[in-house]
Amino acid sequence: MRIAAWNVNSIRARLPNVLEWLREAAPDVVLLQEIKTTEDSFPRLEIEDLGYTCAINGQKTYNGVAILSKQPLRDVKHDLPNGDGDDHARWIEARVDARDGGVRVASLYLPNGNPVGTDKFAYKLAWMDRLAAHARDLLAAEEPLVLGGDWNVIPADDDCHDPAAWAGDALAQPDSRRRFRALVHSGFTEAWRALHDERHIYTFWDYQAGAYQKDNGIRIDHFLLSPQATDRLAACEIDRGPRARPKASDHTPIWCELRD
DNA sequence: ATGCCGGGCGAAGCCCGA
């Protein structure tokens, strides 16, 4: 089973690119972030025409996440527990009902958190704490589990082109990295890093200043796998193709392959 | 570099992203 994650930076603006990539890459499951639209305006029919069923946690203008799957989706849950008034659409989870026993997946869009020292950064850290608590509960089920999406965390300095340029950024703060590391150490495997020794490999390149052409990027889109999913992990790759296309998202897809 | 691009909203210019 191949599971991909992609921050598309508006599903409506990106629809031709997304449909082309779905036809070419044909993942079994796709975790989308920043769809930037409500379920009413989500291009469900075009995506269903390619054989996918859709589960959507949408929001007008900002955020929004979705799960696309060629197999049926069960037990769809919107939002992390204990939101306490949080109205950002940044989480959706579901169980993929497949012959191999299936897998639970979540599509997450972790808050950016800039500027550091503001309520936005506090919101990022609080969201990460809520995520850690829910992840502990999910791990307790001892099932194959894949948490994928835009984590807005640069795990280490060699996951970006210029650590000095990112030192003051919310994505590289010790408080952000510590929470990410603690989550991994609570029982997950970061799939791409587990399978790759290469440094300075990226999933995001800014639109500005020719960042993609100069490969000035950061690695912030990740998969965290439970032990039961890690046992089945066969590959994890970053697909740079879509970032080079006209009208690209500033993120490119990442995917992992689980053995049946 | 901190808004140089790009998207949403809505019909100009501002908010937001990372």
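Counted by atom type alone, A:Tyr52 and A:Asp28 present zero donor-acceptor pairs between their side chains at under 3.5 Å.
Within residues 205-215 of chain A, the residues that place at least one heavy atom under 4.0 Å from DNA chain B are, in residue-number order, A:Asp206, A:Tyr207, A:Gln208, A:Ala209. Contacts between residues 161-174 of chain A and DNA chain B, defined by a heavy-atom separation under 4.0 Å, are made by A:Trp166, A:Leu171.
In this structure, A:Asn152 reaches the sugar-phosphate backbone alone: every heavy-atom distance under 4.0 Å involves primed, P, OP1 or OP2 atoms, never a base. Nucleic acid contact class of A:Asn7 (heavy atoms, under 4.0 Å, all strands): sugar-phosphate only. Using a 4.0 Å heavy-atom cutoff across all strands shown, A:Ile154 reaches no nucleic acid atom at all. In this structure, A:Lys120 reaches the sugar-phosphate backbone alone: every heavy-atom distance under 4.0 Å involves primed, P, OP1 or OP2 atoms, never a base. Contact annotation for A:Tyr202: no contact, since no heavy-atom pair falls under 4.0 Å across all strands.
Under a cut-off of 6.0 angstrom, the local environment of CG in A:Asp84 is sparse, with at most 12 non-hydrogen atoms contributed by other residues, nucleotides or ligands. Taking a 6.0 Å sphere around CZ of A:Arg99, one finds it holds 12 or fewer heavy atoms contributed by other residues, nucleotides or ligands.
The distance from atom NE2 of A:His161 to atom CG of A:Asp215, rounded to the nearest 0.5 Å, is 9.5 Å. Going from atom CZ of A:Phe188 over to atom CG of A:Leu183 covers 5.5 Å, rounded to the nearest 0.5 Å.
A:Trp205 shares a hydrophobic cluster with A:Tyr202, A:Tyr212; the chain of contacts runs through ILVMFWY side chains whose heavy atoms sit under 4.5 Å apart. Hydrophobic cluster membership of A:Ile254, counting Ile, Leu, Val, Met, Phe, Trp and Tyr whose side-chain heavy atoms lie under 4.5 Å apart directly or via other members: A:Met1, A:Ile3, A:Val29, A:Leu31, A:Val65, A:Ile67, A:Leu73, A:Val76, A:Ile92, A:Val96, A:Val103, A:Val105, A:Tyr109, A:Val146, A:Trp192, A:Leu195, A:Ile201, A:Phe223, A:Leu225, A:Leu233, A:Ile238, A:Leu258.
Applying the salt bridge (charged side-chain N to carboxylate O under 4.0 Å, His left out) criterion to A:Asp159, with sequence neighbours excluded, gives A:Arg193, A:Arg219.
Listed pair A:Lys36 / B:dG6 fails the phosphate criterion, with no side-chain N or O lying under 4.0 Å from OP1 or OP2. Using a 4.0 Å cut-off, some side-chain N or O of A:Arg14 falls inside it from OP1 or OP2 of B:dG7.
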If you look only at distance, which donor and acceptor atoms sit under 3.5 Å apart when one is on a side chain in residues 44-51 of chain A and the other is two or more places apart or in another chain?
from	atom 1	to	atom 2	distance (Å)
A:Arg44	NH1	A:Cys54	O	3.4
A:Arg44	NH2	A:Glu39	OE2	2.8

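Where A:Lys60 and A:Leu110 meet DNA chain B, the nucleotide closest to each residue was compared, and A:Lys60 sits on the side nearer the 5' end.
Nucleotides B:dG3 and B:dG13 place their C1' atoms 14 Å apart, quoted to the nearest Å.
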